Each structure stands twice: as C-alpha cells, then as structure tokens.
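The structure appears below as structure tokens.
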Protein chains: 2
Amino acid sequence: MDSAEQQQHPLRSRRITAAMVAARAGVSTATVSLVANGKTAGRVSGENIRRVREAISELGYVVDSVGSSLAKGVSSIVILVAPDISNPFFAKVIAGVRESLGTDYQLLLSVTEAGEFPHADDVRKLMALRPAGLLVDAPNAGFLDDLAVGGPLVLLDAPGMESYAPSVNLDVAHGARELAAHLATAGHRKVAYVDSVTGTATFALRREAFLAEAENRGITADPSHIISTTIDVGAAAAAFAAAWPQWQREGVTAVVCGTDTHAYGVLQEARVAGLRIPDQLAIAGFDDLPYSATSNPSLTSVHLPATPLGLKAGEQLRRLMEGHELKQPQLTLESSLVVRNSTSPA
Amino acid sequence: MDSAEQQQHPLRSRRITAAMVAARAGVSTATVSLVANGKTAGRVSGENIRRVREAISELGYVVDSVGSSLAKGVSSIVILVAPDISNPFFAKVIAGVRESLGTDYQLLLSVTEAGEFPHADDVRKLMALRPAGLLVDAPNAGFLDDLAVGGPLVLLDAPGMESYAPSVNLDVAHGARELAAHLATAGHRKVAYVDSVTGTATFALRREAFLAEAENRGITADPSHIISTTIDVGAAAAAFAAAWPQWQREGVTAVVCGTDTHAYGVLQEARVAGLRIPDQLAIAGFDDLPYSATSNPSLTSVHLPATPLGLKAGEQLRRLMEGHELKQPQLTLESSLVVRNSTSPA
DNA sequence: CTGAAAGCGCTTACAG
DNA sequence: CTGAAAGCGCTTACAG
C-alpha cells in the first residue's frame with residue numbers, strides 16, 4: 001500500500017505535501033494549514049479537525065519549513081552569533097539557549113574564527129535566512145552598528161550595550177572586585193593581567209573593574225604588565241613565558257587572567273618554570289570552568305553562571321518572537337569569587 | 001540608525017528583492033538570478049552582467065535564502081546532529097566543520113539533552129528545513145535507522161557504522177590498546193572502567209578495545225568494576241566516590257575513563273579521598289582535552305584529533321553536496337596515548 | 001542572449 | 001465553517 005510505504009520511509013520517499021493531506025482528508029489545503037498550525041478555534045469544524053489529524057499522522061506529514069517561512073515572511077530559525085565557541089563556557093550557554101528555545105525553534109550557530117565577529121556582508125547573508133530571532137553573545141559595538149536589525153534580538157554578556165537591545169548580562173565587575181580584594185588581603189602589591197585579544201566588552205569590564213579595585217587597595221598593574229592573547233591555553237602559556245622574566249624582576253607576584261583558559265596556560269608555564277604557586281606566584285581567572293577545580297593547583301576563579309545566561313537570553317528572545325513586550329529588558333546575573341589553591345595555600 | 005525603522009519589522013519590510021534589482025538594471029528577474037548565482041556563462045551578455053552587478057551592489061541585494069531554497073528544493077543549511085556539545089572536544093570538531101564548509105553553507109546545530117539523540121519526529125522536523133547536507137556525530141545505530149535520509153550525509157566518529165554512510169572515524173582502538181599496554185607495564189592487574197552512559201559506538205569501542213588488550217596482558221576488569229555516568233565531572237566524581245570503597249577492597253589500582261571529563265571527576269574525588277596518584281591509584285582518560293596537561297596530576301589520555309575530524313567530515317560532505325563521488329568514503333584518523341603523571345610518577 | 005511564465009509549499013485575507 | 005486564489009521570492013525550463 002502506497003501510504004504504508006510512505007509511512008515507513010517518510011524521508012526517503014517523495015515529500016508529503018499539504019495538498020496530499022488535503023486530498024486524503026477531503027478538505028482544502030487552507031484547512032490543512034489551519035489544523036497543522038493549531039489555528040482552528042472558530043475556523044474548522046471538529047469533524048474536519050479529526051479527519052485532517054488522521055491524514056497527517058497516516059501520511060507522516062510535517063509542515064515544510066521553507067514553504068512556510070516564505071509565506072509567513074519569517075523562519076523558525078534562531079541565529080546565535082558568537083565570537084568563540086572553543087571556550088567550554090560557551091557550550092553551557094548553548095545548552096541553556098537550547099533548553100529555553102524548545103523544539104519550536106532551530107538553533108543556527110554563526111561562528112567565526114577565534115574572536116572575530118562577522119561583518120556587514122556576513123550579517124546580510126544571515127538575515128537572508130529570515131531568522132525568527134537573533135542572539136548575540138559578547139559582541140563589540142562595531143558589530144552591533146553593522147547589525148542594525150529590527151527583529152527580535154537579545155544580547156548576551158554585552159555590558160554597556162544595553163542601548164542597542166534587550167540584554168542579559170553578568171555582573172563580572174562584582175567578582176572582579178572580590179578578586180582584587182582577595183589578592184590585596186593576601187599581600188600582593190604588583191600584579192600582571194593577561195587579557196583576551198578580542199575587544200569584547202565583557203573582557204574590558206573584567207579588566208577595568210579588577211584594575212580599578214586593585215588600585216583602590218594599593219595594588220599596581222604597570223602597563224607593561226598587561227598583555228593580551230587569544231583564548232587558548234598554548235597562546236597564553238607562550239605569552240606568559242615570554243613576559244615572566246621581566247615581570248619577575250619588576251616584582252610581580254600575581255597574574256590575573258581574563259579567562260580560566262588563559263590561566264591554565266599561565267599555570268602550566270609557571271610550573272614548567274618551577275615556580276611555587278601561590279607562594280612565588282598567585283594565579284586567578286574568570287569563568288570558573290569545570291576544570292578549574294581539578295587543575296594543579298586548583299584555580300581561583302570568578303564564577304559566571306553560563307547555563308542561566310543562555311537560559312534567560314532564550315526566554316527573553318522567545319517572548320519577543322511571540323510578540324510580547326519585555327517587562328524587564330535588562331537582566332543581570334550574579335558572579336562571585338571562588339577561592340582555590342592557586343591564590344591561597346592549601 | 002532610524003529608531004522609527006527599528007520600531008517596525010525591518011526583517012520583513014525593507015527587503016530588497018530580485019524584482020527591484022531587475023527594475024533598476026533594466027532586465028528580467030531571470031537575468032538577475034543568473035548573475036547572482038554566477039550562472040552567466042553563455043547566457044547573459046557582458047553588458048547585462050555589468051548592469052546587474054552594479055544594481056546589486058547599489059541596492060545591497062542578497063539572494064533571499066528562503067525563496068531560493070523553495071525554488072531549488074534545497075537550502076544552504078548543513079545540520080550537525082550531536083549528542084553532546086558540553087564536551088570541549090566537540091567545540092574543536094565544530095571549528096573544523098565550519099572551516100571546511102566555508103561561507104556557502106550555514107551550520108545548524110541540532111543538540112539534544114546530554115547523550116540523547118533526536119528521534120524520528122525530531123528528525124522529520126529537521127528535514128523540513130531542507131538541509132543541503134547532514135553531519136552526524138557519534139550516532140547510535142537506532143538513530144541512523146530512524147534517519148533513513150537520502151541526501152548528502154557524513155558520519156563522524158561512528159565506528160562500525162560504515163554501512164550507513166560515508167564516515168570519518170578515529171582509530172580509538174589503537175590508543176586504547178596502547179593504554180592497556182602502558183598500564184600492564186606499570187604493573188597493574190585489576191582495573192575499573194568509568195564509561196559514558198550514552199550507548200554510542202565510539203565509547204563501546206574505547207571500552208572493548210581497552211578491555212580486550214588488558215585481558216591479553218593479564219589485567220582483569222570485573223563486571224562490578226565497570227560503571228557508567230553522564231559526561232560530566234560531577235557525575236563521574238559522585239559515581240567514583242560511591243564505588244571506590246568496594247573497588248579498593250577488591251584490589252583495583254587503576255581507573256580508566258571513557259572521556260577526560262569523567263577522569264577529571266575521578267581525579268577530583270580521588271584527591272578528596274587522600275589517594276596518592278598514581279601510586280595508590282592510576283587514572284587515565286580519552287580525548288586529551290587541553291586541560292589534561294594542567295590537571296593535578298596531569299592526566300594520561302588517548303589523544304584524538306578533534307579539529308581534523310570536523311575538517312575532514314566537512315570536506316567529504318561538501319564534495320557530496322556538490323554532486324561529486326567520494327574517492328574514499330571511509331577515512332580514519334590516528335589516535336595515540338599521551339602518558340602523563342596520573343599513571344606515571346613524576 | 002532574453003524574458004514571460006510556471007512552479008516550489010505554504011499561509012492568509014477574502015468571499016461565500 | 002470552507003475553499004479558491006493571491007501571493008511570499010526565487011529558479012528554471014521554455015519559447016523566442
């Protein structure tokens with residue numbers, strides 16, 4: 001039987017269309033569309049609803065996303081633009097987004113080379129997909145200017161860019177200040193800072209909040225003690241190895257890193273150099289990746305709630321895509337310092 | 001930006017269409033399509049090519065992906081189905097895929113809850129997007145049976161499933177055997193194995209190759225010494241903590257983990273229990289994540305080439321999507337053991 | 001070389 | 001409540 005065969009191999013055989021369902025149910029395609037989209041209230045008789053549903057399940061019909069998107073003017077795709085997914089932090093953000101988006105929306109990842117954001121042309125290509133909404137993680141202002149999109153848009157981890165769009169941010173400054181206080185209490189007076197090369201706001205905020213509070217507490221960070229690398233263990237390790245001899249001569253006793261990934265590289269190289277941690281050199285990072293608890297020594301880090309970040313951003317976007325107003329367009333999630341052995345003797 | 005425009009729905013309203021380009025260039029939309037798609041050879045005059053190109057750049061026209069997909073019957077979307085992206089290993093795979101796919105294709109991530117694969121219904125929803133191709137990472141056979149898709153499809157890390165589709169695999173068995181040999185040489189006779197709960201082939205292969213070679217070399221792994229958890233530091237830590245008292249009584253001296261992530265959890269808990277590593281307990285994993293070099297102690301692991309895996313899979317899929325035959329439908333990439341302090345005294 | 005026209009599959013006013 | 005019909009934006013035979 002034809003229909004039985006199609007049921008068995010729905011993806012291999014000819015595509016099932018609304019017209020086929022309509023023919024089988026003895027209704028028009030308009031009615032099929034109404035039923036398939038759950039817009040039957042006061043528009044389709046109970047009997048027809050039943051017949052269409054039966055035909056749909058018998059044939060294994062699924063609304064074609066492309067035809068539907070063209071007719072509606074918008075697809076079910078949500079684009080997540082992010083500068084770096086190699087950071088394990090980001091995997092958690094994605095997990096959160098997926099969870100809040102549910103099965104109605106498809107997540108399309110727009111990833112570019114380490115730290116780079118797509119430019120106007122790439123953005124246009126993305127918009128050609130008619131996304132239902134956009135999620136932009138850790139953007140820089142230049143990218144948001146290029147973007148200039150009017151549809152549903154939520155920013156993640158974009159401090160200082162609240163004027164562009166609804167955002168979900170992390171109060172990294174709070175954790176950064178705790179870290180400065182912690183190092184001051186431990187007696188450090190000269191610190192170095194290993195930043196990320198990407199000019200994204202969150203990294204600037206981490207650095208500035210830390211350095212400001214450090215200064216308040218009598219800690220100095222000489223300009224030559226502030227360097228940047230890509231978010232990569234090896235790159236951070238190499239940069240630290242090159243800088244350390246001078247830093248050591250100049251009395252640096254602690255290195256703060258923009259991400260834990262940087263910190264792992266510094267840790268690795270510091271151990272190669274035979275430094276006693278934290279006695280000769282204290283090391284700390286941001287993100288509190290799962291690996292920071294098991295590193296050697298375990299890494300002091302500013303904990304950032306990655307999964308909740310993705311979750312909240314997805315929820316906000318979802319409201320926007322459903323046409324609702326946001327009661328609270330700006331959300332901020334907590335951060336806090338987790339002290340471990342890389343700054344505090346066991 | 002004009003705030004009034006942003007208030008509206010520019011995603012839907014201000015769209016530049018082929019008709020607008022055609023009007024401006026004084027040609028038909030058919031000619032615009034030909035030029036925009038680079039199919040002009042012997043079909044469009046030089047003069048018209050010039051005029052259309054000019055109009056395209058003046059208006060900032062981009063071919064609408066939805067309309068184009070509907071007309072062609074296929075989109076420019078490549079779907080990557082994967083059971084787990086929280087593993088940092090996977091971020092590298094994605095990076096490799098993105099690189100080989102280039103800018104002609106958009107990468108859509110189909111992620112599900114930890115270790116779960118989408119079932120028939122979800123697959124149908126995905127196929128409704130009319131993807132240009134499918135990449136499936138670490139699938140189980142049940143999923144591939146459900147899939148039954150006819151279009152371009154490449155499997156990643158799917159040992160034993162070569163009959164379903166072209167695949168790019170990792171020779172995890174080789175590294176697993178090296179690991180067994182290494183532990184045997186170090187004098188271990190009773191080992192435990194912490195597996196992943198997902199029934200994916202690569203994990204079964206890791207386990208079986210390891211256990212077979214272990215047995216060859218006089219190492220036993222009692223059934224009660226083989227457990228499974230999700231790929232999660234905390235879950236592995238808890239499972240190990242619960243099992244260790246019995247294992248210790250029964251003489252286990254080494255724990256091999258299906259992934260480094262599991263191993264970090266075991267490492268963490270072993271240190272909490274005050275075990276001397278590797279003297280009282282040796283620990284090893286698979287994946288060789290960047291963090292394994294900096295853990296405490298550094299982790300012995302079977303190195304797997306994640307980025308090349310994504311890269312090769314993307315290249316193969318690309319050939320398929322361009323209508324070519326694959327000269328080599330089955331590719332296998334190397335793995336090898338990296339010995340560190342968790343199994344070998346510093 | 002060129003354009004008019006027929007679709008691709010769906011949704012949505014619209015008239016009944 | 002229902003269906004015929006007009007699109008959505010594009011591509012591709014097809015006739016000229």
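Fair warning: this is a prediction, and the values are worked out from it, not measured in the lab.
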What nucleic acid atoms does [X] come within less than 4.0 Å of, heavy atoms only: base, sugar-phosphate, or nothing?
X	result
B:Val66	nothing
A:Val32	nothing
B:Val27	sugar-phosphate
A:Ala30	base

Using the side-chain heavy atoms of [X], tell me which of these nucleotides is nearest: [options].
X	options	result
A:Ser33	C:dC10, D:dC8, C:dT11	C:dT11
B:Tyr61	D:dG9, D:dC10, C:dG9	D:dC10
B:Val44	D:dG9, C:dT2, C:dC10	C:dT2
A:Ser28	D:dG3, D:dC10, C:dT11	D:dG3
A:Leu34	D:dT12, C:dC10, C:dT12	C:dT12
A:Leu70	C:dG9, C:dT11, C:dC10	C:dG9

Original post:
Do the side chain of B:Ser167 and the main chain of B:Asn169 share a donor and acceptor less than 3.5 angstrom apart?
Top reply: no
Subject >> B:Glu325, CD: over 12 other non-hydrogen atoms inside 6.0 angstrom >> reply: no
Any side-chain N or O of [X] below 4.0 angstrom from OP1/OP2 of [N]?
X	N	result
B:Thr31	C:dG3	yes
B:Asn48	C:dT2	yes
A:Ser45	D:dT2	yes
B:Ser68	D:dT11	yes
A:Lys72	C:dG9	no
A:Asn37	C:dT11	yes

Which whole-number value in Å describes the distance from [X] [atom1] to [N] [atom2]?
X	N	atom1	atom2	result
A:Arg130	D:dC10	CZ	C1'	10 Å
A:Ile16	C:dC8	CD1	P	15 Å
A:Arg43	C:dT12	CZ	P	8 Å
B:Arg15	D:dC8	CZ	P	13 Å
A:Leu129	D:dG9	CG	P	15 Å
A:Lys39	D:dT2	NZ	P	18 Å
A:Asp64	C:dC8	CG	P	12 Å
B:Met20	D:dC10	CE	C1'	15 Å

**OP:** Test B:Arg51 against B:Glu54 for salt bridge (charged side-chain N to carboxylate O under 4.0 Å, His left out), laying out the working first.
**Re:** CA-CA 5 Å; B:Arg51 293 169 66 167; B:Glu54 192 177 310; over 6 Å; no
Original post:
B:Leu155 versus B:Leu144: any side-chain heavy-atom pair under 4.5 Å?
Top reply: yes
Original post:
More 5' along DNA chain C: B:Ile49 or B:Ala71, using each one's nearest nucleotide?
Top reply: B:Ile49
**OP:** Could you give me the CA-CA distance, side-chain angles and deciding distance for A:Phe90 and A:Leu309, then say whether side-chain contact (heavy atoms from CB on, under 4.5 Å) is met?
**Re:** CA-CA 10 Å; A:Phe90 196 65; A:Leu309 177 65; over 6 Å; no
Subject >> Partner nucleotide of C:dA13 by Watson-Crick or wobble geometry (both distances under 3.5 Å) >> reply: none
Subject >> NZ/NE/NH1/NH2 to OD/OE distance under 4.0 Å, B:Glu47 and B:Arg50 >> reply: yes
Original post:
Between B:Arg319 and B:Glu322, does at least one N-O distance fall below 4.0 Å, as a salt bridge requires?
Top reply: no
Subject >> 5' priority, DNA chain D, between A:Gly46 and A:Thr29 [closest heavy atom] >> reply: A:Gly46
